[in-house]
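Okay, structure first, notes after.
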Amino acid sequence: TGEEYKKVFDSAQLHLHVEAFDSESIELVKKSVSTKISAILASGAPLLAYGPLCVESMKLLSENECAAIISDEAIDDSLLEKSFSDRQQQLDSVVHALKFAEENFDAKKNSLRLKKILCNLTMKR
């Protein structure tokens, strides 16, 4: 927690995001995205995501090329090894992640977007 969490988070060489494959867990999270994903994408560290693509967080990461993705419940050792050792793939996904985070998770930009939407809605009434 607190400073200790921040220190460990900031020193991570790679982040791991995991979603469960059982149907009950999928139902619970299929339409949600963890708030920690925004911090991970903005961190500059590569992300390895393991879980089913029917879950929104996995879809988001895959479609935007923000992470190395393993979406098969049976983990292929060579794919896992590549995720940890392929520096070019890691660099490419970090570039995509930083761009995605800047475009979608910036508090000021999102506040301005929301203000614009609300102003447009009230003008129409």
Between atom [atom1] of [X] and atom [atom2] of [Y], what is the distance when rounded to the nearest 0.5 Å?
| X | Y | atom1 | atom2 | value |
| --- | --- | --- | --- | --- |
| Ser111 | Asp106 | OG | CG | 8.5 Å |
| Ile69 | Glu63 | CD1 | CD | 10.0 Å |
| Leu53 | Ser62 | CG | OG | 5.0 Å |
| Gln89 | Leu91 | CD | CG | 11.0 Å |
| Glu3 | Lys6 | CD | NZ | 7.0 Å |
| Ile40 | Leu61 | CD1 | CG | 8.5 Å |

Cluster overlap [X] with [Y], hydrophobic side-chain contacts below 4.5 Å:
| X | Y | result |
| --- | --- | --- |
| Leu16 | Ile37 | no |
| Leu14 | Val18 | yes |
| Leu48 | Phe21 | yes |

>> Suppose clustering is done on Ile, Leu, Val, Met, Phe, Trp and Tyr with side-chain heavy atoms closer than 4.5 Å. Which residues sit in the same group as Leu112?
In response: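 None; Leu112 is a cluster of one.
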>> Do Gln90 and Asp86 pair up side chain to side chain, a donor and an acceptor below 3.5 Å, judged on atom types alone?
In response: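 No, no side-chain donor-acceptor contact under 3.5 Å.
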> Can you find a side-chain donor-acceptor pair between Ser57 and His17 that sits under 3.5 Å?
Replying inline: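 Distance-only check passes for Ser57 and His17.
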> For Ala97, does its backbone N or O pair with a side-chain atom of Asn64 as donor and acceptor, under 3.5 Å?
Replying inline: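 Absent.
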> With no hydrogens and no angle check, is any side-chain donor or acceptor of Tyr50 less than 3.5 Å from a backbone partner on Glu73?
Replying inline: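 Yes.
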>> Do Glu19 and Ser25 have side chains that approach each other closer than 4.5 Å (heavy atoms only, starting at C-beta)?
In response: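 With C-beta onward as the side chain, the pair stays apart.
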For residues [X] and [Y], report the shortest heavy-atom separation together with the two atoms involved.
| X | Y | result |
| --- | --- | --- |
| Phe9 | Ser43 | CE2-CB, 3.9 Å |
| Val94 | Ala45 | CG2-C, 3.7 Å |
| Leu41 | Cys66 | CD2-CB, 3.7 Å |
| Ser38 | Thr35 | OG-O, 2.9 Å |
| Val29 | Val55 | O-CG1, 3.7 Å |
| Ala42 | Leu98 | O-CD2, 3.7 Å |

> So Phe100 and Phe105, would you call those rings parallel, tilted or perpendicular, with 30° and 60° as cut-offs?
Replying inline: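 The rings of Phe100 and Phe105 stand perpendicular, inter-plane angle above 60°.
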>> Just to verify, what does Lys116 make a salt bridge (Lys or Arg N to Asp or Glu O under 4.0 Å) with, not counting sequence neighbours?
In response: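 With neighbours one apart ignored, the set is empty.
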>> List the residues meeting salt bridge (Lys or Arg N to Asp or Glu O under 4.0 Å) with Lys36, not counting sequence neighbours, and say none if there are none.
In response: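 Expected list: none.
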>> Tell me if the NZ atom of Lys109 is crowded by more than 12 foreign heavy atoms within 6.0 Å.
In response: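 Count over threshold, so yes.
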> Quick one: do Glu56 and Lys59 make a salt bridge, cutoff under 4.0 Å?
Replying inline: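 Yes, Glu56 and Lys59 are salt-bridged.
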